[in-house]
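Have a look at the structure below before the remarks.
Order of the sequence lines fixes the chain letters, A, B, ..., with proteins taken first and strands second; residue numbering starts at 1 for each chain.
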Amino acid sequence: MSKSQIMVIDDEKIVCDMSKLSLEQSGYEVETFLSAEPALERLKEKKFDIIVTDYKMKGLDGMDVLKTVKKLYPDTKVIMITAFANLETAIEALRSDVHDFFPKPVKIKELKASIERALHA
Amino acid sequence: MKVEHRIILSNFFNIIVLIIVIFFAIQNLNLVLTKLKFIQIADDLNASFLEIRLTEKNYFLYRNKMNLYDILNKIREIRYSIDNVRDDIIKAVGEDNFKILNKNLNDYTNVIALISEIEETKINNNQTETSIREAGKKLREFSEQITRLERTNTNELIMKSQKILLYSFWIIFLSSIVISHLISKKILLSLKLIQKLTLSISEGNFKTIENVDCDQECNSVIKAINFMSNELKNREEQLIQSKKLASIGVMTAGVAHELTNPLNNISMLAQTYIELYDNLSKDDRINFMSKVEAETDRMKEIVKNFLDFSKPKKPQLEQIDINTVIQKAIKLMQNMLYISNIETQLKLNENLPLTFIDRNQIQQVLVNLITNAVQAMTKNGKLIIVSDLDENKKYIKITITDTGKGIPPELLQHIFDPFFSTKGEGGTGLGLSVSHGIIKSHNGDITVKSEVGKGTTFTIRLPIYTKIEGSKTDE
Ligand SMILES: Nc1ncnc2c1ncn2[C@@H]1O[C@H](COP(=O)(O)OP(=O)(O)OP(=O)(O)O)[C@@H](O)[C@H]1O
Ligand SMILES: [Mg+2]
């Protein structure tokens, strides 16, 4: 079985780097992007199984990523993380097609569990 | 000296002058009356003398001895009446003239008496006749002369009184004008001073005036106004501080977001570090920990800015480049702007002269205006902040433009009022009023232009630093 493809988008470089290290350790193939625009470009070329994206970013944000992804690959799961967690954003995210929603600081174990669930759903 | 005292003094002076004038006038009037009385007497005398001279002529015509008796009788009457008004006559013509009159009368009586004797002896003597005529003539001439003299004297006296009255009228008139001008000039000067002071206070510039040379009344008014001004200044400082605390409430959301990112970074670094510990080289581990350290520095910086803003500060003016203040305000607000999806555009003129301002207060003004701008915009708004030199080159101009909902024209005149807010629970209505107060106390001004549905521009103008300005505000 080939490795699951995971894309991580976050404007914090450490989030990208740590996710990549940890997820690769768990056997996934990971590509990271510091903003949504190049990530969406890449999506046109390659399908990912899971997309982990920051909700709040300069330029296009997590919601824009979600919309584009769902248009291109309806079965790709999107997991959202956000530094600015309030009730409104949580509700907005969960009402949409977001698979899961994590406020920062993120517990990597929980994130991995969520990814696992998403892959086997 | 009290104004009241001065007015009393000047009135007192005028009253004294008036009393002196009245005294002289009465004196003169008395003199005139005496003279008139004497003229009356002199006229009577003249009439009597005329009668005597007629009788005298009759005598020389008809040689009726009875005529001589008539004359002697008349003279006796005249003597009697002269003695009665002796004092009046002396008063009017003096002792010497009275003596001359008496002497003339005596001479005449003697001459008449002589003629009577000659008449007895029936000696007709031309010489006695001439001497009678001569004595009579002298008597009449003298009395006529005195009457004439007295008439001119009296006229002169009346004219003199007239002049005195006229002069004193002018003296009193002019002196009251001069005095009231002097008094009112000082009062007006003090009033002008007070007016200027209250005007500047009403514009939010809480100045005081020290050591003014003015009256006691004006001094106590100035003291009261100074006290009020100081009190207002204190209140304003308290208000600024409480508005600042309120702004902090609004800012915390942004700060929390800002802190969450480095916090998350540290957390993820730690989790990954533990997970990969065995696989990490020494260099890797050092690299991890340096990143942790850098993130804590980042947190420290955020907290520092925030704490720095919230701390109460003594008002303090300094020469400063306004752009650094704008940048600091933007830094404080950037997360709020970020969260609200607002694009910020800064157009700062790099070659601005320095301003002489309290940087914390001006920063707070900017925070207030940016907060308002953010609150007026829904998603995808645009905030433009421009710093430039004003057209007249005496001010630095900062404009803060938003693409928010705008302010209806009928509300424009109220937005700087304290506690005016359209935000209900969401606003205290102090932001603009505090900002207005701060800008005014910097001798600047703040204006607004707004179009409903399009956006709002606030313009702040602050005087550029000059040596004079510096020393003026230093005192
Ligand atoms: N940029 C703006 N766009 C639209 N309306 C504005 C803007 N700035 C101010 N206003 C209007 O002016 C009112 C007064 O503003 P001000 O900052 O004094 O008080 P506030 O924002 O309501 O409350 P506070 O600032 O104390 O939280 C606001 O309630 C709002 O109606
Ligand atoms: Mg406000």
Side-chain angles (χ1 to χ4, degrees), chain A residues 8-28 30 32 34-36 52-65 67 79-90 92-93 101-115, chain B residues 250-281 283-285 287-299 302 330 333-345 374 378-383:
Chain A
V8 176
I9 315 168
D10 196 310
D11 50 11
E12 292 284 332
K13 184 155 190 321
I14 290 176
V15 173
C16 291
D17 291 351
M18 293 305 113
S19 310
K20 190 173 163 78
L21 276 177
S22 185
L23 291 174
E24 279 177 354
Q25 179 76 8
S26 302
Y28 302 110
V30 182
T32 63
L34 284 168
S35 63
V52 179
T53 177
D54 194 8
Y55 174 79
K56 196 97 197 77
M57 288 178 293
K58 283 214 173 77
L60 297 177
D61 65 9
M63 280 302 174
D64 298 318
V65 171
K67 273 178 218 149
I79 295 174
M80 200 98 56
I81 50 179
T82 179
F84 186 65
N86 61 19
L87 201 61
E88 271 169 54
T89 41
E92 191 193 353
F101 182 85
F102 286 95
K104 285 179 180 180
V106 177
K107 295 286 166 215
I108 298 177
K109 271 186 196 149
E110 289 173 18
L111 179 67
K112 280 182 183 168
S114 179
I115 289 172
Chain B
V250 179
M251 261 186 242
T252 40
V255 174
H257 173 258
E258 208 178 348
L259 280 176
T260 308
N261 274 321
L263 190 70
N264 181 60
N265 288 342
I266 292 171
S267 168
M268 286 186 86
L269 281 165
Q271 291 175 64
T272 316
Y273 185 83
I274 294 167
E275 190 185 356
L276 302 183
Y277 187 81
D278 291 333
N279 305 342
L280 294 177
S281 67
D283 278 354
D284 286 340
R285 289 174 189 168
N287 189 21
F288 263 76
M289 286 305 128
S290 331
K291 279 184 179 149
V292 168
E293 160 119 73
E295 289 303 298
T296 54
D297 284 346
R298 192 174 148 196
M299 292 178 90
I302 297 165
I330 286 289
M333 300 301 293
Q334 75 189 3
N335 269 283
M336 195 178 180
L337 293 165
Y338 181 59
I339 292 165
S340 314
N341 249 328
I342 286 163
E343 186 195 331
T344 310
Q345 210 176 322
V374 171
T378 47
K379 277 202 170 141
N380 305 319
K382 199 166 159 190
L383 176 75

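In this structure, CG in B/N261 is found 7.0 Å from CG in A/D10, a value given to the nearest 0.5 Å. To the nearest 0.5 Å, atom NZ of residue B/K291 and atom CD1 of residue A/I14 are 6.0 Å apart.
Residue contact with chain A, scored on non-hydrogen atoms closer than 4.5 Å, is absent for B/E343. In this structure, chain B has a heavy atom under 4.5 Å from the backbone of A/K109, while its side chain stays farther away. Only the side chain of B/N279 comes within contact range of chain A, with heavy atoms under 4.5 Å apart. Heavy atoms closer than 4.5 Å to chain A are found in the side chain of B/L276, but not in its backbone. Contacts of A/D54 with chain B are absent, with no heavy-atom separation under 4.5 Å from either backbone or side chain. Contacts between B/F288 and chain A at a heavy-atom distance below 4.5 Å involve the side chain alone, from C-beta outward.
Contact record, A/P105 with B/T260: N-CG2, 4.4 Å, taken as the closest heavy-atom pair.
Side chain of B/Q271 to backbone of A/M18: no donor-acceptor contact under 3.5 angstrom is found.
By the 4.5 Å heavy-atom criterion applied to side chains, B/M268 and A/D17 are not counted as neighbours. Under the 4.5 Å side-chain criterion, counting only non-hydrogen atoms from C-beta, B/N264 is not in contact with A/E12.
Between chain A and the residues B/N341, B/L263, B/L259, the most heavy-atom pairs under 4.5 angstrom are made by B/N341.
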